[in-house]
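The chains referred to below are lettered A, B, ... by the order of the sequence lines, with proteins before strands, and numbering in each begins at 1.
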Amino acid sequence: MEWEEPGYLPKAIYHEASDSLEYVRRDDPAVYRRVDEHLTLVLDLHNRTLLGFKLKGFRHIYLTHVLPKHSLGDRQFLSLITVLEDVMSVGGNAVFEAAEREAAYREAREIAEEDNVQVGQLPRRNGTRH
Amino acid sequence: MYGVVQMMSSRPRPKLTLIEGGAAMRPPLLQLPPTVLGPSPFNRSMRVGYRIAEGDVRRALEERRRQPILDLWSMVLGRLPPIANISRYSDYEGTLRDQALDQAHAAFRDVRRPVGDDPHGFDYFVFITNPSVHFRYVPDMVCVVRPEELPTDVVLATYVLMDFPHGRASASRAKVPVQGLVTHWELIERDGLVPVHSEERYRRRLW
């Protein structure tokens with residue numbers, strides 16, 4: 001089946017059951033390092049380099065903080081940088097000190113920018129996604 | 001009568017969509033068992049069943065992201081992933097069984113953040129296991145996965161949304177009551193036998 005097909009193409013994937021949006025550059029084993037209630041960094045399991053990140057409670061973030069600020073119209077995608085900037089401004093119950101938290105968001109933002117990550121699946125109010 | 005007809009016709013019509021490949025046989029990797037056995041968060045010695053949120057791993061597989069479902073098989077279900085020639089790793093069956101969700105050594109409640117319709121994550125429960133091995137995808141002519149030892153500084157957190165957050169009444173006739181949905185699982189750095197910063201992550205440790 002899928003094993004003979006081409007490899008993983010990096011893409012932000014919205015996971016409905018866990019209500020999280022995840023982006024990883026490579027399909028490698030990973031360890032998840034919590035930054036605050038919204039952001040978790042995804043690190044390579046063995047060398048702990050940054051693979052990507054996860055935005056938790058994405059439906060809540062999107063509906064409460066992102067959607068009211070941006071007129072999406074009929075667009076079916078959104079830049080992940082925009083989302084990260086909105087989340088960063090919300091604040092959160094951080095595990096790290098403010099400077100570390102800021103650095104973590106900056107790292108996530110750099111990945112989103114370098115890879116030009118778009119969010120193609122946007123949650124709806126009724127719980128389903130576009 | 002006319003009024004009734006008018007009312008009915010003003011209702012929004014459900015949008016029907018064609019599901020392509022709906023009749024196709026599922027690949028073995030996606031033929032997940034209907035439930036996975038695990039301890040009850042309310043009673044560590046009681047065994048209950050949890051359904052598995054299959055949609056998210058299927059969605060990840062559509063993008064060729066294979067690691068989540070390999071981790072589900074090897075660390076949550078505690079089984080060899082059903083892949084061609086996996087029998088060459090049958091020596092690992094015992095190890096996998098001993099690291100399944102059923103072997104959780106800690107349970108927490110409330111993830112302290114919004115999850116879907118739950119604004120506080122209060123009804124989410126987290127089970128902690130201590131796996132030692134998992135499988136990863138490696139292109140190979142014989143078998144496309146291979147076992148890999150996990151670093152010793154990580155534990156697995158498996159997240160469950162309970163159907164009855166306050167506990168199901170004991171009147172259930174099922175031999176093993178099914179009590180919730182496994183939504184996701186992830187390796188986390190540990191502090192002792194629990195995840196680092198457990199106090200910030202979760203509101204309460206149950207056992």
* To do: Under 4.5 Å heavy-atom distance to chain B, tell me which part of A/Val24 shows up: side chain, backbone, both or neither.
  => side chain
* **Beyond-backbone contact of A/Lys54 with B/His184, side-chain heavy atoms, under 4.5 angstrom** => yes
* **Positions in residues 43-52 of chain A that reach chain B, provided some heavy atom is under 4.5 Å away** => A/Leu45, A/His46, A/Arg48
* To do: Work out which heavy atom in A/Tyr8 is nearest to a heavy atom in B/Glu63; give both atom names and the distance.
  => CD1-O, 3.1 Å
* When rounded to the nearest 0.5 angstrom, what is the spacing between NE2 in B/His120 and CD in A/Glu37? -> 11.5 Å
* B/Asp153 portion near chain A, given a 4.5 angstrom heavy-atom threshold -> side chain
* Answer yes or no: are there more than 12 heavy-atom neighbours, outside A/Glu102 itself, under 6.0 Å from its atom CD? => no
* Residue pair A/Asp28 / B/Arg136, side-chain heavy-atom distance below 4.5 Å -> yes
* To do: Heavy-atom distances under 4.5 Å only: say whether B/Glu148 touches chain A with side chain, backbone, both or neither.
  => side chain
* Structure fact -> The interface call for A/Lys56 against chain B, heavy-atom contacts under 4.5 Å, is both
* **Heavy-atom pair count under 4.5 Å with chain B, highest-scoring of A/Ser20, A/Pro29, A/Gly57** => A/Pro29
* Can you check whether B/Arg201 reaches A/Arg34 side chain to side chain, under 4.5 Å on heavy atoms? -> yes
* Would you indicate whether B/Arg47, at its atom CZ, is surrounded by more than 12 heavy atoms from other residues, nucleotides or ligands within a distance under 6.0 Å? => yes
* Most contacts with chain B, counted as non-hydrogen pairs under 4.5 angstrom, among A/Val42, A/Ile13, A/Thr64 -> A/Ile13
* First locate atom OG of A/Ser18, then atom CH2 of B/Trp185, and finally report the distance between them rounded to the nearest 0.5 Å. => 9.0 Å
* To do: Tell me, with the steps shown, if A/Glu22 and B/Arg65 meet salt bridge (Lys or Arg N to Asp or Glu O under 4.0 Å).
  => CA-CA 11 Å; A/Glu22 185 171 319; B/Arg65 182 143 154 69; 2.7 Å; yes
* Region of A/His15 that comes under 4.5 Å of a non-hydrogen atom in chain B -> both
* To do: Could you tell me which non-hydrogen atom of A/Asp27 sits nearest to which non-hydrogen atom of B/Arg66, and how far apart they are?
  => OD2-N, 2.7 Å
* Asked: Just by distance, do the side chain of A/Asp19 and the backbone of B/Val115 share a donor-acceptor pair under 3.5 Å?
  -> no
* To do: Measure distances from B/Glu149 to the heavy atoms of chain A and classify the residue's part below 4.5 Å as side chain, backbone, both or neither.
  => backbone
* Do you know the tightest heavy-atom contact between B/Val154 and A/Val31? -> CG1-CG2, 3.8 Å
* Asked: Is the closest side-chain heavy-atom distance between A/His38 and B/Arg113 below 4.5 Å?
  -> no
* Taking atom CZ of B/Arg205 as the centre, does the number of heavy atoms from other residues, nucleotides or ligands within less than 6.0 Å exceed 12? -> yes
